[in-house]
Amino acid sequence: MEEIEKKIYIMYRILVTNLINCISMDVTKILHNLNSQQEIAVTSDHPHLLVLAGAGSGKTRILVHRIAWKIQVLSIPSHAVLAVTFTNKAAREMKERIDQLLKTPSQGMWVGTFHGLAHRLLKSHWRDAGLAEDFQILDSEDQLRLIKRLMRTLDLDEQRWPPKQFQWWINSQKDEGLRSKNIQENGDLYQSMMLRLYREYESNCELLKVVDFAELLLRSLELWRSNEAVLKHYQNRFKHVLVDEFQDTNAVQYAWLRVLAGSECCVTAVGDDDQSIYGWRGAKVDHILRFEKDFKDTRIVRLEQNYRSTSNILRAANAVIERNSERLGKTLWTEADEGEAVALYAAFNEHDEARYIVECVQQWVGDGNRRDDAAILYRSNAQSRVLESAMLRAEIPYRIYGGQRFYERMEIKNALSYLRLISNKDDDLAFERVVNLPTRGIGERTQSMVRQIARQRNCSLWSASSIAIGNHELSSRASNALAKFLRLISAMTSEVEELTLIEKAETIIKRSGLLDFYKGEKGEKGMARVENLEELVSACGSFEPEDANLSPLTQFLDQVALDSGDRQADVDEDAVQLMTLHSAKGLEYPLVFIAGMEENLFPHAMSIEEPGRLQEERRLAYVGITRAMTKLYLTFAESRSIHGRESFNSVSRFVRDIPSDVIDEVRLGNTIVRSTTYASSSLGSDPELGTGFSLGQQVFHKAFGEGVILNFEGSGPRARVHIKFEEVGTKILILESAGLSGV
DNA sequence: AAGGCAAATGTTTTT
DNA sequence: CATTTGCCTT
């Protein structure tokens, strides 16, 4: 069997080579430097292809080269190709690399995120999709606001029913493709409550002409399912569909692909079940297993050779992921050298951990390396603070990824709301956001009055406001303030009409009073906000509209809603990268630190009980470890303050899974000797700073019993000692009055 | 209606 | 610990 396959393959290669010669085109570089598995993945002519690509095996490269192969060698027109990713960043990168490889730009090809492509569909078929032509995109913050508002009208107690829960529930239903009418009541109070709000939410979105993220996908799926003509059009066009990060697809996205693919489309899916870390967001690894069944005649190619990491790092990664049961099974291997051992550092607390990392970075830089090549990863954003301040103190330039995104910042959303209101007076969400910002005397009372009128008349808040003023339904003070606001918006609209996008943004930020409002805000915050507003203006300046028929402003607003705006600001500065493990997926760095390798933190306490969630944490650990190319540091803190409370966690189980011959345990300045099981660490040889005791030492106190020394503040007899007692927890004692004795 | 102070409340992230 | 939310006073 294998023999035959080999022969066919050789014949195929001969044919291919001839073909290349015939076309006399330089396509050799498409196959240049590919290993045999990669080459099969690029050139396979099976109808469908599933590439199981391990970390660092050249996943994106395969996708890009396969597209180039199809276009240049198989002469498939580029407009027949659709490539879909999850993030804008990945889509941008793919576009760039295709252009680079093909030289000729990827004209006619659709490359984008699921959401971006769905939006594009709905924009062209808004009528068939049952939407308004100028429908707005609702981001998650807008969504939460809307839900809160609906809860208020339904008189639901926000304490008993957290709005976030409604949001989460509604989104999960939509991710599964379920509308409220598809859900059966099961007599459960919680479910019936959720469902009740879901119904209300659906009809309100309809009314407000807004579409949330999940809706973009679901709506475009329903469009295809219900409209034969539209579907046929796209099925006839896109004969080649390629999906990146396939393990991250949720139910609707998978259905979307299946419907589009129909029966004559070639689907290529590239993914790694071991890197599925978005299960909590509806992603289903099962889709990888189902692919073969749903797409008949699928060729499966495994890419297991890793080109990124040393073999020690890979051994660590494999040891961690091996303990997961539900795997397709894949073992990464490399031709690379053993490399250095994985360093493990046991810190006393999070500050010591940060200090140690800073020291290592300084040494790395001192050795002539780039800060850009170093990344510090952590499980949750809260951990970044301590690391950040340590970097700041050491004057090491750093860049934090994630956290708050540009277009989600309050001042930016406010400015955008003014722009939205300029382009569409009936945008109620924008209206509500800025009607009293900066404060102009339109308070809660007036606003609820206007809302009530809007509901009665079934009109927008904008129209309701003029009705309220016209009918003298408000106090004269409120009426004047409201009229002033309406005049301001109208005036700005006409003033700005003929201006370019950047001028519009500039004018509106000034005229609305937002700029002065934030300038007046005291402290660093106001400054930063003003800077952000300026950055928004410059973003308007560099925006290039795609469609000449539509107004640049509306196009800008749509793009902003779909793009989180992870701008590449000061990318040129050589800086250490700080990010969560989640956002590190897809990236690689020569030097990687993973901080906070502790039980309850990583794996996270919320995930520790459930086996499924724990497996996902394990995959996250695998993702983290495989980011490292040459040197990996794992650190954990024996004591860490979480939410202001001190907690003591043992070293993460993921660390214990790594074979000890791969790990090099770092001992601080040779002062302390400790074992990984830390609790009963052996005594230090040198007393700490003349106190007569050492860190990690077991001590006895008359009242509190036995404990372990965790930290010192100061030195000599007046030093403050942090001790974790077995019975009473941690105490901070003055040494000379504590009356401690060694055990 | 607006600003100030106390209490609550904390995963992971993209779109 | 640090930020956001809600209540309460002016």
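Both backbone and side-chain heavy atoms feed into the values below; hydrogens, waters and symmetry mates do not. Note that the structure is predicted; figures quoted are calculated from it, not measured.
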In B:dT12, glycosidic geometry as syn within 90° of 0 or anti otherwise: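 It is anti.
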Does the side chain of A:T446 get closer than 4.0 angstrom to OP1 or OP2 of B:dA1 through an N or O atom?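 Checking A:T446 against B:dA1: at least one side-chain N or O falls below 4.0 Å of OP1 or OP2.
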Side-chain N or O of A:T580 closer than 4.0 Å to phosphate OP1/OP2 of B:dT13: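 For B:dT13, OP1/OP2 do have a side-chain N/O of A:T580 under 4.0 Å.
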Taking atom types as they are modelled, would you say the side chain of A:T87 forms a donor-acceptor pair with the base of B:dT13 within the 3.5 Å cutoff?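 Between B:dT13 and A:T87, which were checked side chain against base, a qualifying N/O pair under 3.5 Å is absent.
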Please confirm whether any donor atom in the side chain of A:R613 sits under 3.5 Å from an acceptor in the base of B:dT12, or the reverse.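 For A:R613, whose side chain was compared with the base of B:dT12, there is no donor-acceptor pair (under 3.5 Å).
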Could you tell me whether the side chains of A:N171 and A:Q143 share a donor-acceptor contact shorter than 3.5 Å?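 A donor-acceptor contact under 3.5 Å links the two side chains.
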Euclidean distance, atom [atom1] of residue [X] to atom [atom2] of [N] [Å, nearest integer]:
{"X": "A:E388", "N": "C:dA2", "atom1": "CD", "atom2": "C1'", "answer": "13 Å"}
{"X": "A:N349", "N": "C:dC1", "atom1": "CG", "atom2": "P", "answer": "13 Å"}
{"X": "A:R405", "N": "B:dT14", "atom1": "CZ", "atom2": "C1'", "answer": "7 Å"}
{"X": "A:E616", "N": "B:dT12", "atom1": "CD", "atom2": "C1'", "answer": "9 Å"}
{"X": "A:D563", "N": "B:dT13", "atom1": "CG", "atom2": "C1'", "answer": "14 Å"}
{"X": "A:W168", "N": "B:dT11", "atom1": "CH2", "atom2": "P", "answer": "15 Å"}
{"X": "A:L587", "N": "B:dT14", "atom1": "CG", "atom2": "P", "answer": "11 Å"}
{"X": "A:W280", "N": "B:dT15", "atom1": "CH2", "atom2": "C1'", "answer": "12 Å"}

Roughly how far, to the nearest 0.5 Å, is the CG atom of A:N250 from the CZ atom of A:F86?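 That separation rounds to 7.0 Å.
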OG/A:S647 to CD1/A:I642 distance, rounded to the nearest 0.5 angstrom?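 Taking OG in A:S647 and CD1 in A:I642, the distance rounds to 3.5 Å.
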Which part of the nucleic acid, if any, lies within reach of A:E408 when heavy atoms closer than 4.0 Å are counted: base, sugar-phosphate only, or nothing?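 Base contact.
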Heavy-atom protein contacts under 4.0 Å, nucleotides 4-10 of chain C, coded B base, S sugar-phosphate only, - none: --S----
Could you tell me whether A:R409 and A:E535 make a salt bridge, using a distance below 4.0 angstrom between a side-chain N and a carboxylate O?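 The answer is no: the pair does not qualify as a salt bridge.
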Going by salt bridge (Lys or Arg N to Asp or Glu O under 4.0 Å), name the residues that satisfy it together with A:R379, two or more places apart in sequence or in a different chain.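 Applying salt bridge (Lys or Arg N to Asp or Glu O under 4.0 Å) to A:R379 gives A:E617.
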Set of residues satisfying salt bridge (Lys or Arg N to Asp or Glu O under 4.0 Å) with respect to A:D175, sequence neighbours excluded: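 If we apply the salt bridge (Lys or Arg N to Asp or Glu O under 4.0 Å) test to A:D175, skipping adjacent residues, there are no hits.
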Less than 4.5 Å apart, any side-chain heavy atom of A:I137 and any of A:H115?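 They are not in contact (no side-chain heavy atoms under 4.5 Å apart), so the answer is no.
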Going by heavy atoms closer than 4.0 Å, what residues in [range] are next to DNA chain B?
{"range": "residues 430-445 of chain A", "value": "A:N436, A:T439, A:R440, A:G441, A:G443, A:E444, A:R445"}
{"range": "residues 594-612 of chain A", "value": "A:H604, A:M606, A:S607"}
{"range": "residues 376-386 of chain A", "value": "A:R379, A:S380, A:N381"}

May I ask you to decide if the ring planes of [X] and [Y] are parallel, tilted or perpendicular, using 30° and 60° as cut-offs?
{"X": "A:F246", "Y": "A:Y254", "result": "tilted"}
{"X": "A:Y278", "Y": "A:W280", "result": "tilted"}
{"X": "A:W224", "Y": "A:Y234", "result": "tilted"}

is_close_aromatic(A:F636, A:F654), centroid dist under 6.0 Å: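 No, ring centres 6.0 Å or more apart.
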May I ask you to check whether A:Y401 and A:H582 place their ring centres under 6.0 Å from each other?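 Centroid distance A:H582-A:Y401: not below 6.0 Å, so no.
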More than 12 non-hydrogen atoms from neighbouring residues, nucleotides or ligands closer than 6.0 Å to [atom1] on [X], yes or no?
{"X": "A:R327", "atom1": "CZ", "answer": "yes"}
{"X": "A:E444", "atom1": "CD", "answer": "yes"}
{"X": "A:R179", "atom1": "CZ", "answer": "yes"}

Within the stacking criterion (centroid distance below 5.5 Å, interplanar angle below 30°), does A:Y278 stack on B:dT12?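 Here A:Y278 fails the 5.5 Å or the 30° condition.
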With DNA chain B as reference, determine whether A:E617 or A:L216 sits nearer its 5' end, using the nearest nucleotide of each.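 Residue closer to the 5' terminus by nearest nucleotide: A:E617.
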Pairwise C1' distance for B:dT12 and C:dT5, with rounding to whole Å: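 Pairwise C1' distance, B:dT12 against C:dT5, rounds to 23 Å.
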Taking the minimum atom-to-atom distance to the side chain of A:L562, which one of B:dA1, B:dT13, B:dT15 wins?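 Nearest to the side-chain atoms of A:L562, counting from C-beta on, is B:dT15.
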Side chain of A:H643: nearest nucleotide among B:dA1, B:dT13, B:dG10?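 It is B:dG10.
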